[in-house]
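Inspection log for the structure reproduced underneath, given as structure tokens.
Only a predicted model underlies this, so the values are computations on that prediction, with no experimental measurement involved. The first residue of the sequence shown is numbered 1, and numbering continues consecutively from there.
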Amino acid sequence: MQGTVDGFSYGVFTPIAAFVMACLGSALGLRCVTRSLRAAQSFKPGWLSLGAASIGCGIWTMHFIAMMGFQVRETPISHDIPLTVASLAVAVLVVGAGVFIVGYLGSAPAVLITAGVITGLGVAAMHYLGMAGLSLEGQLHYDTTIVTISVVIAVVAATAALWAAVSVRGFFPSLLASLIMGVAVTAMHYTGMAAISVHLAGGAPRTGASGDALPSIMFPMLLGPVVFLVLAGVVVMFDPLLVLGDGEWNETPARKRETNRPELTDAPGAPGAARTMPGPPTWTGGGGTANRDTGTPPPEPPRSARW
């Protein structure tokens, strides 16, 4: 018997909420990776890790918010908790692999393609691993062609995201890039869901640890990633370089070292050149100098004055 699949049981609420979370995770991740390019070498892994976790949590949260609207009318649905947690770990790890590759090796085409393929395949694996964690009275079947399309979308979206992470500068370009990434990731999810068909089996619905109602298990599991994204947002927004403004934000450490080189800063008119203030005037004579303010006479009568 064929089950009736409904991916929008809550109307447009779940797609919009999923899209917003995907955009939030992408925006935070972009900002963290961009910040890592301007950080000292010792802080770079921390910013890259925060960016990877932000993007991974954003994608995973998008997926499971969208899954809250998924139902098969003839059977209840529940989630296998270990597989669900594993899908979150996969999302963060594969995004981390791609982010660290471009963070340290740059944005050369070969590097971007390699990192994009790894990350895209990992995001697709997260999606289908989460789907494998669905528990219902029946079997899920997938249309191979649509699954392939969803994987291609994931790879293209991941490559574009990694390119934007190391290439896009400025608030509004980053905002636009995060919106595009949100659209791509959400499109990948719903394309993958369109590949599903359910063949129902007889018997009573399964119960037990994995048979909890979907909303009751989803809300607690979503709480952790959502809280993390909020905290990551606080860290990003209170970063000193963002507070100081664009001039300081766009100045790389290499450029600062170049500007502060002694031979450059001591040159007349150079940025940061030291300005010496005149000291007390002195009288110079053939036999020595004396301070005019102290009243101490010079050894010989002064023949010329220099200020």
field: Heavy-atom donor-acceptor pair, Q71 side chain to I77 backbone, under 3.5 Å
entry: no

query: When rounded to the nearest 0.5 angstrom, what is the spacing between CD1 in I196 and CG in L134?
result: 7.0 Å

task: Tell me, with the steps shown, if F64 and T14 meet side chain to side chain contact (heavy atoms under 4.5 Å, CB included).
output: CA-CA 9 Å; F64 280 95; T14 48; over 6 Å; no

- prompt: Between OG1 of T148 and CD1 of I153, what distance do you get to the nearest 0.5 Å?
  reply: 11.0 Å

Derivation of the side chain to side chain contact (heavy atoms under 4.5 Å, CB included) call for M181 and L30: CA-CA 10 Å; M181 289 167 57; L30 283 176; 3.8 Å; yes

message: So which atom in A158 and which in G120 form the shortest heavy-atom distance, rounded to 0.1 Å?
response: CB-N, 3.5 Å

query: Quick one: do the S107 and W163 side chains pair a donor with an acceptor below 3.5 Å?
result: no

message: Does T4 form a side chain to side chain contact (heavy atoms under 4.5 Å, CB included) with V72? I'd like the steps, not just the answer.
response: CA-CA 5 Å; T4 305; V72 180; 5.7 Å; no

message: Quick check: closest heavy atoms across L121 and V155, and the distance to 0.1 Å?
response: N-CG2, 4.2 Å

- prompt: For the ring pair Y190 and F19, is the centre-to-centre distance below 6.0 Å?
  reply: no

query: Is there a donor-acceptor pair closer than 3.5 Å between any side-chain N or O of K44 and the backbone N or O of G103?
result: yes

message: Strictly distance-based, threshold 3.5 Å: is any side-chain N or O of S9 a donor or acceptor partner for the main-chain N or O of G69?
response: yes

Approximate separation, where rounding is to 0.5 Å, of S135 OG and I81 CD1: 11.0 Å

query: Of all heavy-atom pairs between A66 and H189, which one has the smallest distance, and what is that distance?
result: CB-NE2, 3.2 Å

- prompt: Between T75 and E137, is there a donor-acceptor pair closer than 3.5 Å when you use the side chain of the first and the backbone of the second?
  reply: yes

Over 12 non-hydrogen atoms of neighbours within 6.0 angstrom of CZ in F13: no

field: T186 OG1 to I65 CD1 distance, which is reported to the nearest 0.5 Å
entry: 10.0 Å

query: Hey, is the main chain of T84 close enough, under 3.5 Å, to the side chain of S87 for a donor-acceptor pair?
result: yes

message: Quick check: closest heavy atoms across T191 and I146, and the distance to 0.1 Å?
response: O-CG2, 3.1 Å

- request: Calculate, to the nearest 0.5 Å, the distance between atoms CD1 and CE belonging to I59 and M21 respectively.
  value: 12.0 Å

task: Quick one: closest heavy-atom pair of V94 and T119, and the distance?
output: O-OG1, 3.5 Å

- line: On a heavy-atom basis, the closest approach of M188 and A154 is CG-CB, 3.8 Å

message: Does Q2, at its CD atom, have more than 12 non-hydrogen atoms belonging to other residues, nucleotides or ligands within less than 6.0 Å?
response: yes

- prompt: Roughly how far apart are M67 CE and M193 CE, rounded to 0.5 Å?
  reply: 4.0 Å

